[in-house]
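One structure is given here, and the rest of the page talks about it.
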Number of protein chains: 2
Amino acid sequence: MAKDKNISMSVIRRLPRYYRFLSDLVDKEVDRISSGELAKRMNLTASQVRQDFNCFGGFGQQGYGYSVKALKNEIESILSLKSGYNSVLIGVGNLGRAVAMHMEFEARGFKLIGAFDQDRNLIGKPLNHLIIKDIDGIDSFCDENKIDVAILCIPKEAAESIVEKLYGFGVRYFWNFSHFDISVAYPDTIIENVHMSDSLMTLCYRITDAKRNITETIQK
Amino acid sequence: MAKDKNISMSVIRRLPRYYRFLSDLVDKEVDRISSGELAKRMNLTASQVRQDFNCFGGFGQQGYGYSVKALKNEIESILSLKSGYNSVLIGVGNLGRAVAMHMEFEARGFKLIGAFDQDRNLIGKPLNHLIIKDIDGIDSFCDENKIDVAILCIPKEAAESIVEKLYGFGVRYFWNFSHFDISVAYPDTIIENVHMSDSLMTLCYRITDAKRNITETIQK
DNA sequence: TAGATTGTTAATCGATTAACAATC
DNA sequence: TAGATTGTTAATCGATTAACAATC
């Protein structure tokens with residue numbers, strides 16, 4: 001990993017996708033790939049692919065292309081997927097369980113060290129290798145453990161108050177599935193939002209727009 | 001809804017967030033808001049807010065601002081959240097169930113008319129107002145119903161083959177939670193991806209980057 | 001009328017694309 | 001060496017921000 005000054009968010013958000021495609025190519029035992037070929041497979045331009053990789057250093061070889069395995073490893077290291085950041089899951093409903101499974105089987109970079117809920121029926125039950133704990137015990141848990149990331153799978157109101165508490169304990173990184181907009185209230189945090197309903201509403205707009213265009217085309 | 005020619009994706013993706021904030025303001029019984037005030041609450045600029053709204057027509061009033069309720073309704077109509085597009089859920093694991101709950105309680109614009117899985121233990125069980133069906137019955141279901149949207153909560157390989165089948169039946173709109181990149185293989189579809197692992201990897205990068213910057217600052 | 005705030009045009013900034021010399 | 005493809009600089013495109021006249 002070389003030159004690394006202020007990579008733009010547009011580039012950063014493409015890295016996981018590169019990583020997915022490269023992992024796939026490794027599985028298919030493809031050894032080398034050119035920026036043009038990778039671009040074609042990913043619906044990007046060759047220029048963009050080369051620009052993106054060159055934010056972090058020259059991983060390619062002129063006249064040859066990129067070694068798939070080496071490139072995959074570089075991106076893994078750029079994303080620092082071996083960090084094992086301590087994370088706690090807040091809310092073990094359907095979504096929380098899906099997220100926990102996800103982290104167990106494919107998410108790298110994080111280690112789930114606690115799962116909390118307020119539901120009496122869930123507290124004490126197992127979740128993967130963990131036992132679901134009472135959310136009221138979060139204070140003492142924070143005292144005893146260093147929490148890097150909190151994963152919020154709870155409704156907006158619950159999120160609002162638990163973030164206040166966790167922020168007080170020094171937690172600054174959040175994977176947020178709730179509707180609560182953390183970064184507005186806490187500017188010195190790092191937030192990744194997964195707003196499923198935003199995605200769904202966007203889809204609704206795009207479908208309606210597409211249907212409208214089809215209708216207009218027919219009428220012309 | 002007025003002038004409406006080729007709105008950029010950047011604008012479209014901000015609409016659901018406006019909608020969320022405006023709904024909130026309606027609940028708080030706020031009557032009017034200026035672009036500046038809304039921008040402050042959402043971490044945007046006043047210019048951007050006005051530019052965004054003016055893609056669709058002049059909803060404001062000079063010297064006054066915007067009527068919160070009217071603006072919310074406009075955006076609801078722009079997003080066409082009352083469409084009720086027929087959708088089917090493919091995969092009723094934890095994630096699928098979370099998505100189904102979501103659609104039951106807050107997602108507008110869509111109507112869940114079927115839920116499918118391959119797991120013998122799930123088939124026949126209820127999911128909200130539906131009975132989970134055998135995925136093998138998807139063909140006849142497609143014949144008998146007009147499906148607008150398929151929601152994919154299944155692994156990559158399963159997604160690959162079910163998309164091929166659904167595409168054959170004319171389905172062109174997908175809400176995709178799987179790792180399969182539909183738009184590359186089927187360019188004439190509209191896809192909203194929710195790639196949870198991409199979001200998590202991005203978070204991993206950003207945390208590591210933030211920690212690195214802190215360390216560097218200390219060393220200086 | 002004076003003050004406030006919009007709608008809209010112009011200026012700036014950033015991201016993507018194109019071009020090409022360097023080099024494997 | 002000739003062909004291919006990178007790394008990188010320059011050109012283009014699009015999105016955000018600033019400015020201000022219009023007007024409620």
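Chain letters run A, B, ... following the sequence lines, proteins first, then strands; residues in each count from 1. Computed from a prediction, not measured in an experiment: that's the story for all the values here.
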Positive for side-chain contact (heavy atoms from CB on, under 4.5 Å) with A/Val171, one of A/Tyr173, A/Phe174, A/Tyr167 = A/Phe174
Record whether the side chain of A/Glu37 comes under 3.5 Å of the base of D/dT5 through a donor-acceptor pair of N or O atoms.
-> no
With the threshold set at 4.0 Å, does a side-chain nitrogen-carboxylate oxygen contact exist between A/Asp209 and A/Arg206?
-> no
From the list A/Arg17, A/Arg20, A/Arg14, side chain to side chain donor-acceptor pair (under 3.5 Å) partner of B/Asp198 resolves to A/Arg20
For atom CD1 of A/Ile12 and atom P of C/dT16, their distance in whole Å | 12 Å
Please state whether the base of D/dT16 and the side chain of B/Gln51 form at least one donor-acceptor pair under 3.5 Å?
-> no
Atom pairs under 3.5 Å, N or O on each side, protein against nucleotides 19-22 of chain D: can you list them with distances?
from: D/dA19; atom 1: N6; to: B/Arg50; atom 2: NH2; distance (Å): 3.2
from: D/dA22; atom 1: N3; to: B/Gln62; atom 2: NE2; distance (Å): 3.3

Judged by nearest nucleotide, the residue sitting upstream toward the 5' end of DNA chain C, A/Gly63 or A/Met9, is A/Met9
Look at A/Arg172 together with A/Asp188 and state whether they make a salt bridge at an N to O cut-off of under 4.0 Å.
-> yes
For the pair made of CZ in B/Phe53 and P in C/dG7, what is the distance, rounded to whole Å?
-> 10 Å
Between D/dT5, C/dT6, C/dT16, spot the one nearest the side chain of A/Arg32, thanks.
-> D/dT5
Rounded to whole angstrom units, what separation is found between the NZ atom of B/Lys40 and the P atom of C/dT5?
-> 12 Å
Could you work out which one of C/dT8, D/dT6, D/dT16 sits closest to the side chain of B/Asn54?
-> C/dT8
Do B/Arg41 and B/Asp24 sit within salt-bridge range, that is, some charged N less than 4.0 Å from a carboxylate O?
-> no
Rounded distance in Å - CD (B/Gln48) to P (C/dG7) | 16 Å
Taking all atoms of both residues into account, what is the closest heavy-atom pair of B/Ile154 and B/Ser178, and its distance?
-> O-CB, 3.2 Å
How many Å lie between CE on A/Met42 and P on C/dT16, as a whole number?
-> 13 Å
Distance-only, no hydrogens or angles: does the B/Asn176 side chain make a donor-acceptor pair with backbone N or O of B/Asn193 under 3.5 Å?
-> no
Exam field: side chain B/Asp148 to backbone B/Ser87, donor-acceptor pair closer than 3.5 Å | no
Among the nucleotides D/dT8, C/dG7, D/dT16, whichever has the atom closest to the side chain of B/Arg14 is D/dT16
Would you tabulate the pairs of protein nitrogen or oxygen atoms and nucleotide nitrogen or oxygen atoms of nucleotides 12-14 of chain C closer than 3.5 angstrom?
none

Contact summary for B/Leu95 and B/Cys153, nearest pair of heavy atoms = CG-SG, 4.2 Å
ring-ring contact (aromatic ring centres under 6.0 Å, His included), paired with B/Tyr66, selected from B/Phe59, B/Phe21, B/Phe53 | B/Phe53
Whole Å only: how far is the CD1 atom of A/Ile33 from the P atom of D/dT5?
-> 11 Å
Whole-Å distance between C/dG7 P and B/Phe59 CZ?
-> 9 Å
Where are the stems of DNA chain C, defined as at least 3 consecutive Watson-Crick or wobble G-U pairs with both distances under 3.5 Å?
-> C:3-24 with D:3-24
Nearest-0.5 Å distance that lies between atom CD1 in A/Ile33 and atom NZ in A/Lys72 = 14.5 Å
Ignoring backbone atoms, test whether A/Tyr66 places a side-chain nitrogen or oxygen under 4.0 Å from the OP1 or OP2 oxygen of C/dC24.
-> no
Specify the separation, in whole Å, of atom CG of A/Leu44 and atom P of C/dA18.
-> 13 Å
Between A/Gln61 and B/Thr45, which has a closest nucleotide on DNA chain D that is more 5'?
-> A/Gln61
Search all heavy atoms of A/Tyr18 against all heavy atoms of A/Gln48 and return the closest pair with its distance.
-> OH-O, 4.1 Å
